[in-house]
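What follows is one structure encoded as structure tokens, with my remarks underneath.
Note that this is a predicted model, so its numbers are computed, not measured.
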Amino acid sequence: MGFFNWFSNKKEDKTSKEEAAPLNLEQIYKEVIAELEKHKRTAYLPVLKDVAKSFSTHSKYGGYPYLRNENDWPVCENCKKHMPLFLQLNLNELPTKKDNGLIQLFYCTNHNEDCEGELESFFPFSKASACRKIEIEKPSAEIQPNALEIFEERLITDWIPKDDYPHFEEYALLGIDDQAHDVYELLEERDYGLTISADKLFGWPYWIQSEEYPYDRKTEAQMELFYQLGESEFIPYMFGDAGIGHLTQSPDNDEELAFGWACS
């Protein structure tokens, strides 16, 4: 075989391999999408409206919480001040999984006393936060809090459903093909099969570092995402360096709630 024939055959082999590579990547992409579809969940993005602060039972960010009595506003164990309300969800106002009562999340923002550091606020079940499910018993008590700051109140008026997929940190745990990481850039380019990083109700957690589900302190069951607080303007507060917080709930006991966060 002459040099030119040999060179031509080599060139054809190289071209064939280069053409095959994208096709192979596309095949992996399709297989990964098929796997991700099996784990798809619906998340709900909040629609907000600015309102005056009130001790109401509505779903909202910030403002004043519903209080069962005058001593019902959680106090930080470190600085002894009332913790600002970050989130209140009226379970009868949810788009799905409706229930009675409220879920409330309070979090201490007192940097003067370094409550975050002293109480290791990033860990679930930290005393720097308080998350609870309570019943609506009667009209709310009204008090003047001694918190350093109370956020403006933003009412949740509606929910937008959106498909949500597991974060890549959970692929191995869910048995999703190891090759999924090879096509993650394609998922991002096509904006498909991704985990929502913004504020949302339900869906999959967006992990900043590794998968970090807390566990029910009594049954040891893995807790599930109830609400995610992303880096947003809904609450003008940042967890660490552009962190994301997760409010989780036990599948065995709906009163077992935890809040933790992580940042890069």
Distance-only, no hydrogens or angles: does the N100 side chain make a donor-acceptor pair with backbone N or O of N92 under 3.5 Å? no
Please identify which of these residues, Y227, Y213, W207, meets the ring-ring contact (aromatic ring centres under 6.0 Å, His included) condition with H246. W207
With side-chain contact (heavy atoms from CB on, under 4.5 Å) as the criterion, how do M83 and C76 come out once you've worked through the C-alpha distance, each side chain's angles and the decisive distance to 0.1 Å? CA-CA 6 Å; M83 301 182 191; C76 174; 4.1 Å; yes
If I take atom CD1 from residue I103 and atom CG from residue L94, how far apart are they, to the nearest 0.5 angstrom? 7.5 Å
Nearest heavy-atom neighbours spanning W159 and Y44: CE3-O, 3.6 Å
Could you tell me whether E152 and K53 make a salt bridge, using a distance below 4.0 angstrom between a side-chain N and a carboxylate O? yes
Minimal heavy-atom distance between W204 and Q228, with the atoms involved, is O-OE1, 4.1 Å
Note: L105 and L85 closest approach over all heavy atoms is O-CD1, 3.6 Å
Could you measure the distance from the CG atom of N110 to the NZ atom of K81? Nearest 0.5 Å is fine. 7.0 Å
For E137, is the CD atom crowded, meaning more than 12 foreign heavy atoms sit under 6.0 Å from it? yes
Would you check if the side chain of D99 reaches a backbone N or O of L91 as a donor-acceptor pair within less than 3.5 Å? no
The test is ring pair (Phe, Tyr, Trp, His ring centres under 6.0 Å); show your working for F226 and F202 and say whether it passes. CA-CA 5 Å; F226 195 93; F202 306 138; 5.3 Å; yes
Closest contact, heavy atoms only, L45 versus D199: CD2-O, 3.5 Å
Check residues 254-264 and write down every donor-acceptor pair under 3.5 Å in which the side-chain atom is one partner and the other belongs to a residue at least two apart or another chain.
unit_1: D254; atom_1: OD2; unit_2: K133; atom_2: NZ; d: 2.7
unit_1: E256; atom_1: OE1; unit_2: R217; atom_2: NH2; d: 3.0
unit_1: E256; atom_1: OE2; unit_2: R217; atom_2: N; d: 3.0
unit_1: E256; atom_1: OE2; unit_2: R217; atom_2: NE; d: 3.0
unit_1: W261; atom_1: NE1; unit_2: Y107; atom_2: OH; d: 3.0
unit_1: W261; atom_1: NE1; unit_2: S121; atom_2: OG; d: 3.4

Kindly indicate, with the supporting measurements, whether the criterion side-chain contact (heavy atoms from CB on, under 4.5 Å) is fulfilled by V183 and R190. CA-CA 11 Å; V183 295; R190 298 172 185 182; over 6 Å; no
Pair Q249, E224: side-chain N/O donor-acceptor within cut-off below 3.5 Å: no
Correct closest heavy-atom pair for M223 and P251 would be CA-CD, 4.2 Å
Distance-only polar pair, side chains of E93 and H58, donor-acceptor under 3.5 Å: yes
Under 6.0 Å from the NZ atom of K98, do we count more than 12 heavy atoms belonging to anything else shown? yes
Checking the side chain of S140 only, and the main-chain atoms of S56 only, is there a donor and an acceptor separated by less than 3.5 Å? no
Applying side-chain contact (heavy atoms from CB on, under 4.5 Å), run through I235 and L229 and close with a yes or a no. CA-CA 9 Å; I235 285 285; L229 291 173; 5.6 Å; no
After noting the C-alpha distance and the side-chain angles of F239 and Y237, does the key distance pass the ring pair (Phe, Tyr, Trp, His ring centres under 6.0 Å) rule? CA-CA 7 Å; F239 299 109; Y237 189 82; 5.7 Å; yes
Nearest heavy-atom contact between G203 and D164 is CA-OD2, 3.5 Å
Here the gap from E220 atom CD to S250 atom OG, rounded to the nearest 0.5 Å, amounts to 11.5 Å
Counting neighbours of CD on Q209 that are heavy atoms of other residues, nucleotides or ligands and sit closer than 6.0 Å, is the number greater than 12? yes
Verify, without hydrogens or angle tests, whether Q88 (side chain) and G63 (backbone) share a donor-acceptor contact under 3.5 angstrom. no
